[in-house]
*Asks:* 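Shown below is the structure under consideration.
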Amino acid sequence: MRAAARLVARTDGRGRTVLAELRGEPPLLLRQVPGRDGGVTVYVVGGAAGPLAGDDLRLDVEVGRGAVVRVHTVAASVALPGRPGAVSRMRVRASVAEGASLHWLPEQLVAATGCAHLADSRVMVADGGTLLWRDELICGRYGEQPGDVVVRTTVDHAGRPLLRQSLAVGPDVPGWSGPAVLGGAPATGSLLLLDPARPAAPPEVDLGGPVAGTASRERPGAVARLPLAGDAATLWTATAPDADTLRQHLTPRLPGPVPAPT
Amino acid sequence: MRPETAHDESVPHTHPEPGVDPHAPLPPAARALRVGIGGPVGSGKTALVAALCRAFADELRLGVVTNDIYTTEDADFLRRAGVLDPARIRAVETGCCPHTAIRDDIGANLDAVDDLADTVGPLDLVLVESGGDNLTATFSRGLVDRQIFVVDVAGGDKVPRKGGPGVTAADLLVVNKTDLAPMVGADLSVMDRDARARRGDLPTVFLSITQDPLAHRVAEWIRHELAHHRTAVAAAPPAALPPSVAVPTGSA
Amino acid sequence: MPTSSMLLLLADGRFPAGAHAHSGGLEAAVAAGRVTDLGTLGEFLRGRLATAGLVGAAFAAAAHRAVPTADRAAELGRLDAELDARTAAPALRTVSRRQGRALLRAGRAIWPYAPFGDLPGGAAGPHQPLVFGLLAAAAGLSRTETALAAAHGTVTGAASAGVRLLGLDPYHVQALLIALAGACDTTAADAARAADGPPEELPAAAAPLADIHAEAHVTWEVRLFAS
Ligand SMILES: Nc1nc2c(ncn2[C@@H]2O[C@H](COP(=O)(O)OP(=O)(O)OP(=O)(O)O)[C@@H](O)[C@H]2O)c(=O)[nH]1
Ligand SMILES: [Mg+2]
């Protein structure tokens, strides 16, 4: 199935965000809900389960000067196998203008056994724009091995590369669950915060791993806070035993006005 | 047995240079004299570095690079020795290969020396302490100008006889902890004889840092080597780049 | 021009560029209890090759490709920014630049006429893969050979650190590397091919634990390895 959706936000004369365009098609439908403080909140309402291999989905988001947009999904999306040899794709293309803000806070992507999925996001943030961007990946439904998934995130800031990362898991990916990449953790993700009002936070790390003196217990997951090159943005990157722990790791504790990540 | 005077009263120098004032002003182009301090584990390398820091406190602009497994205790030790600002100490990790870092692959040590000069300004003397290793470890001439090899009497009086490049070729051999000789039954005259046999004209100093916390004779030797280094640097322009072994670029 | 001997020289762990002091994240992975034996070391090396190995090899190949171009300095500048964006952990950016500085020292001494002056990075040093690309070009290696030597270095350094840190049987560790040789060739071929594309499309394979381990490692009071 192919589907495209598009969201364009602008400000009205009084500084409130309005949606100049909001359209989608099954299984990629967009719904606006009442927003806070002049911004708009939009939910991506998935159709049935999916994406199925073979699906090709694309969402364009344009946040104009001064506009404030939050995007959520109503539920986790589960990448499922489809026609043999087919790949499912979810492409997001977003732009954030000066003085604009985009919070992209979807639920998890779950890689079911046998799936072949590419989640490819490209975001351009102008100088003076704000971005909060979360990617969460669960490797397999409960107790299951994942199929092949690539989560690729490309962010430019003021015309320069800010973040390029492409996380690959699955049976075709060498070493993905080993100690150099995920260390056996079934959940992983990252949260990027780029906010002109807030310089990058200094590095901090919680390594997780076996708890000293206990044979079986593991501290749940590992997380690091990473100031990106240029000191304009911070990335949290984490591994975790489950989706809830991952979400905790990717809910930043920061001084000052906290971007609401839920 | 007169270990402290086993050699001449004044330590013989590798490069005698009479008539040179060791306190002459630094020639503008001079770079610091780099002195490597090597030797087996626990022989007193760090203690010697501390002694030299004390000895040169008001005299020379000093930096230290340590390849020792570096702990805050080490830094504290040098700080407590009262003479070295922690900003003048750089630590180099050696990946469990202390001899590689000072002999075969010296880039990290050279970077540390450069970093010191960049952050604290021009230096007169840089001491490079190797990680404790065995008798075969020596410094590359690409890293240091002179090297001191420190052994101690506690290892037994056979050490100089064993030889090895450290004992035979170091510019100065220091036999440390002479205060312990009676306790461990080490015969200093045997060590002196063996050192002469192994080292020919190269100097050896018997030392007890416990009794001589300024390591006078080692400091005196360094002063002399520094004076020689300065005249040598002033006389000779920096070495040209080594010849290229390959083509200009653009190959594909 | 026959380059086999040159390739062997540049791929040799004894090439004086400081490799002996780096464990490629293994020291921290061992300390975290995640690498304990031959099996977990093998998995570590496989994952490292597919992530840092691929990215490093692709950037070395891309820098090699930039050498004969007219706007070499600008191209290297783009690669520098792209590699920064692929290196989220500040500790790993520092390590890459430190290793680049060490490699540059060797490169300048051996190939004084290579265009190392066009490398970006300032006092922090240029990223290691970029220096490697220039050095390999000066040595006359092909782009694929450049990627191969770079990929090879990312696994052999960590493997040798494994021997030193875990006291593993060196024959068994060598057998691991032999078993990885095919993957190393494939990775290098992929990297060299990727270097044909624009810098923003170069591989960006991420490894969350590599970032996390690296940030833990720099906080240690006592380290045997620089990374
Ligand atoms: N009795 C006695 N002890 C000494 C003397 N010099 C050093 N020591 C002691 O010997 C021990 C080792 O000295 P260090 O200076 O740490 O030796 P090192 O060669 O730097 O050791 P590594 O760096 O671990 O190889 C310390 O406890 C010193 O106090 C000495 O002249 N006499
Ligand atoms: Mg010491």
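Residue numbers begin at 1 in each chain, while the letters A, B, ... track the order of the sequences. We use all heavy atoms of the structure for the numbers below, so side chains are in, but hydrogens, waters and symmetry mates are not.
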*Asks:* Nearest 0.5 Å, please: how far is CD in B:Glu93 from CZ in C:Arg98?
*Replies:* 5.5 Å
*Asks:* On a heavy-atom basis, which atom in B:Cys96 and which in C:Phe225 lie closest, and how many Å separate them?
*Replies:* SG-CE1, 3.7 Å
*Asks:* Can you give me the closest heavy-atom contact between C:His20 and B:Asp105, atom names plus distance?
*Replies:* CD2-OD2, 3.4 Å
*Asks:* Which region of C:Ala106, side chain (C-beta onward) or backbone (N, CA, C, O), has a non-hydrogen atom less than 4.5 Å from a non-hydrogen atom of chain B, or is it both or neither?
*Replies:* neither
*Asks:* Taking C-beta and beyond as the side chain, do B:Leu110 and C:Arg105 meet within less than 4.5 Å on heavy atoms?
*Replies:*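 A side-chain contact under 4.5 Å exists here.
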*Asks:* Can you tell me which portion of C:Ala123 sits under 4.5 Å from chain B's heavy atoms? Options are side chain, backbone, both or neither.
*Replies:*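 No part of it gets close to chain B.
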*Asks:* Please classify the contact of C:Ala161 with chain B as side chain, backbone, both or neither, using a heavy-atom distance under 4.5 Å.
*Replies:* neither
*Asks:* Nearest 0.5 angstrom please: C:Arg101 CZ to B:Asp114 CG, how far?
*Replies:* 6.0 Å
*Asks:* Side chain, backbone, both or neither: which part of B:Ala101 has a heavy atom under 4.5 Å from chain C?
*Replies:*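 Contact with chain C: backbone and side chain both.
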*Asks:* Does the side chain of B:Asp104 come within less than 4.5 Å of C:Arg14's, by heavy atoms?
*Replies:* no
